[in-house]
Visitor: 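Here you go, one structure.
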There are 2 protein chains.
Amino acid sequence: MNISANQASELSAQQEYPSFEQRHYVEDVSVLFEMVGLPRMAGRIFGWLLISEPPYQSHSELAEVLQASKGSISTMTRLLMQIGLIERFSLPGQRRDYFRIKPDSWSEMMRQRIVQNTAFREIAERGLKLLQDTPAHLHQRLEEMRDIHAFCERELPVLLERWEQERRQPQTNSQVSL
Amino acid sequence: MNISANQASELSAQQEYPSFEQRHYVEDVSVLFEMVGLPRMAGRIFGWLLISEPPYQSHSELAEVLQASKGSISTMTRLLMQIGLIERFSLPGQRRDYFRIKPDSWSEMMRQRIVQNTAFREIAERGLKLLQDTPAHLHQRLEEMRDIHAFCERELPVLLERWEQERRQPQTNSQVSL
DNA sequence: ACATCTGTTCAGTAAATACTGAACAAACTA
DNA sequence: TAGTTTGTTCAGTATTTACTGAACAGATGT
């Protein structure tokens, strides 16, 4: 039986309790998350995973560092995995699971934006159907809404593709070749 | 004293109470709004302004059609104006004000996204400062976050510009000239 | 088998938010 | 001037949401 690990605290030797600056950082990330409509606790978890050493943290480490209940951590990590920002993995020979920022998480989010964008285009088209027997000037607002979303529906995937490429070969196109 | 207008109802002759389909449409727009983190009532107002005849509606027309309190309409129209989705105007010789979908509202929203994007890049950079005395492998997650947001910070304004142009001269570049 | 550790579920509550309706203010009319 | 109309503010309520903590379930080790 391995009793070398600290039993009093889940925190490993290399990771002290968060410093003042670290706690402040975590809080600020949580505020950003709130701004885009996500729960604060999800932002705290994400914020801590951005700066923690090591870059992966267990369920109970998160609970301790963030002073949150296990239930809350469980719910929020599930949410963060759902929207593709973090991932779960296990280390061989260790029972507990760890979470870390998912490489590529931001592309994932961008893809979800594209899905939302499609929903807006579709509802604009539904609106136009409702107005199909009316004078054309009533259609303008919906046509504009449809057109910009159709535009983004075409262009955002292209942008995403460019990003993926640029990331693989950095420096290659600091001078963009248009 | 002009008593020709319907006194019983604020609704003009050309606009009946919303039909079943119209009510349904308004509800669906409100659900979309909720999805992106905005109040339902704001979505209802916006949804109705998308399909109403005429395309502009007064404060009290909105209250009546959407069965909402004047207070709610007042608060939510203010919110919608703040985020740039609707605008307020008055017709000469009429006391009351009207609201309508703001032409260009979507570009406005895109500009706000760009601002949010900048906030994310900045907090990534703050995280990197916190980790500046640590091994490089700890920086990866934050560098990726910074890089994609910096990428979008450069590219989204370009995209927006392209959209503005394309809108002014439609058909000109269905075949994009890259 | 039993004890231990890890994580989930869920009922309850604390806090935030949307919404109402009444009181108020400002602008116009007679 | 008083009376109407139009719109805002704000206190109060109802609903939703975030979060806790305890009970539970499953896996591992002895």
Side-chain angles (χ1 to χ4, degrees), chain A residues 1-10 26-27 30-31 33-46 56-82 86-99, chain B residues 1-11 26-27 30-31 33-46 56-83 86-99:
Chain A
M1 180 182 175
N2 177 11
I3 50 165
S4 67
N6 321 0
Q7 299 265 329
S9 166
E10 297 282 352
V26 165
E27 261 330 280
S30 82
V31 169
F33 267 58
E34 201 173 42
M35 266 182 45
V36 298
L38 292 166
R40 283 201 179 182
M41 190 56 77
R44 293 200 191 96
I45 293 172
F46 191 81
Y56 48 88
Q57 299 277 298
S58 74
H59 199 102
S60 38
E61 282 167 342
L62 290 172
E64 189 171 354
V65 169
L66 303 176
Q67 311 258 56
S69 70
K70 290 199 300 169
S72 190
I73 300 294
S74 181
T75 309
M76 289 304 136
T77 48
R78 201 183 323 125
L79 172 69
L80 285 169
M81 287 192 296
Q82 237 171 16
I86 69 174
E87 65 187 0
R88 167 181 227 155
F89 69 104
S90 49
L91 294 172
Q94 297 220 205
R95 218 196 277 187
R96 55 173 60 171
D97 282 353
Y98 291 91
F99 299 101
Chain B
M1 180 180 175
N2 176 13
I3 50 165
S4 67
N6 319 0
Q7 300 265 329
S9 165
E10 297 283 351
L11 299 170
V26 166
E27 258 334 278
S30 81
V31 169
F33 266 59
E34 200 173 42
M35 266 181 46
V36 299
L38 292 166
R40 284 203 178 180
M41 190 56 77
R44 292 200 192 96
I45 293 172
F46 191 81
Y56 50 86
Q57 300 278 298
S58 73
H59 199 103
S60 39
E61 281 167 341
L62 290 171
E64 187 170 354
V65 168
L66 303 176
Q67 310 258 55
S69 70
K70 288 198 302 169
S72 191
I73 300 294
S74 181
T75 308
M76 290 302 134
T77 48
R78 200 180 326 125
L79 172 68
L80 286 169
M81 286 191 297
Q82 235 169 18
I83 59 182
I86 69 174
E87 65 187 2
R88 166 180 228 155
F89 69 104
S90 50
L91 295 173
Q94 295 221 208
R95 216 195 282 185
R96 55 172 60 171
D97 282 354
Y98 291 90
F99 298 102

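Note on naming: letters A, B, ... go to the chains in the order of the sequence lines (proteins, then strands), and numbering restarts at 1 for each one.
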Visitor: Within the structure provided, determine whether A/M81 and A/E87 are in side-chain contact (heavy-atom separation under 4.5 Å).
Guide: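 No - every pair of side-chain heavy atoms lies 4.5 Å or more apart.
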Visitor: Go along nucleotides 14-21 of chain D 5' to 3' and tag each nucleotide: B for a protein heavy atom under 4.0 Å from its base, S when only backbone or sugar atoms are that close, - otherwise.
Guide: ----SSBB
Visitor: Roughly, in whole Å, what's the span from CG in B/L79 to P in D/dT9?
Guide: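 It is 14 Å, rounded to the nearest whole Å.
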Visitor: Whole angstrom is fine here: how far is it from CE in B/M81 over to P in D/dG7?
Guide: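 The distance from CE of B/M81 to P of D/dG7 comes to 11 Å, rounded to the nearest Å.
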Visitor: Just the rounded figure in Å: distance from C1' of D/dT28 to CZ of A/R95.
Guide: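 Spelled out: CZ on A/R95 to C1' on D/dT28 is 4 Å.
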Visitor: Provide, to the nearest angstrom, the distance between the CD1 atom belonging to B/I45 and the P atom belonging to D/dG7.
Guide: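 So the two atoms are 13 Å apart, to the nearest Å.
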Visitor: Nearest whole angstrom, please: distance from the C1' of D/dG7 to the CD of B/Q94.
Guide: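 Roughly 15 Å, once rounded to whole Å.
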Visitor: Give a yes/no answer on whether the side chain of B/R88 brings an N or O atom under 4.0 Å of OP1 or OP2 in D/dT8.
Guide: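 For D/dT8, OP1 or OP2 has a side-chain N or O of B/R88 closer than 4.0 Å.
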Visitor: From CZ of B/F33 over to C1' of C/dA18, roughly how many Å is that when rounded to an integer?
Guide: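 Roughly 16 Å, once rounded to whole Å.
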Visitor: Let me check something: any side-chain donor-acceptor pairs from residues 66-79 of chain B under 3.5 Å, sequence neighbours excluded? List them with distances.
Guide:
| unit_1 | atom_1 | unit_2 | atom_2 | d |
| --- | --- | --- | --- | --- |
| B/S69 | OG | B/S72 | N | 3.1 |
| B/T75 | OG1 | B/G71 | O | 2.9 |
| B/T77 | OG1 | B/I73 | O | 2.7 |
| B/T77 | OG1 | B/S74 | O | 3.0 |

Visitor: Whole-Å distance between C/dC5 P and A/D97 CG?
Guide: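 After rounding, the reported distance stands at 17 Å.
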Visitor: With the side chain counted from C-beta on, respond yes when A/E64 and A/E61 share a heavy-atom pair under 4.5 Å apart, and no when they do not.
Guide: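 No, every pair of side-chain atoms sits at 4.5 Å or beyond.
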Visitor: Who passes side chain to side chain donor-acceptor pair (under 3.5 Å) against A/Y98, sequence neighbours left out?
Guide: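 Residues passing side chain to side chain donor-acceptor pair (under 3.5 Å) with A/Y98: A/Q94.
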Visitor: For A/R96 and D/dG26, give me the distance from atom CZ to atom C1', rounded to whole Å.
Guide: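 Going from CZ in A/R96 over to C1' in D/dG26 covers 17 Å.
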Visitor: Hey, what's the ring geometry for B/Y56 with B/F89, parallel, tilted or perpendicular (30° and 60° as the breaks)?
Guide: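 Aromatic pair B/Y56/B/F89 classed perpendicular.
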Visitor: Using a cut-off of strictly less than 4.0 Å, decide whether B/H59 has a side-chain nitrogen or oxygen near OP1 or OP2 of D/dT5.
Guide: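 It does not, given that no N or O in the side chain of B/H59 lies less than 4.0 Å from OP1 or OP2 of D/dT5.
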Visitor: Can you classify the ring geometry of A/F99 versus A/H59 as parallel (below 30°), tilted (30 to 60°) or perpendicular (above 60°)?
Guide: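 Tilted, since the angle between the ring planes falls between 30° and 60°.
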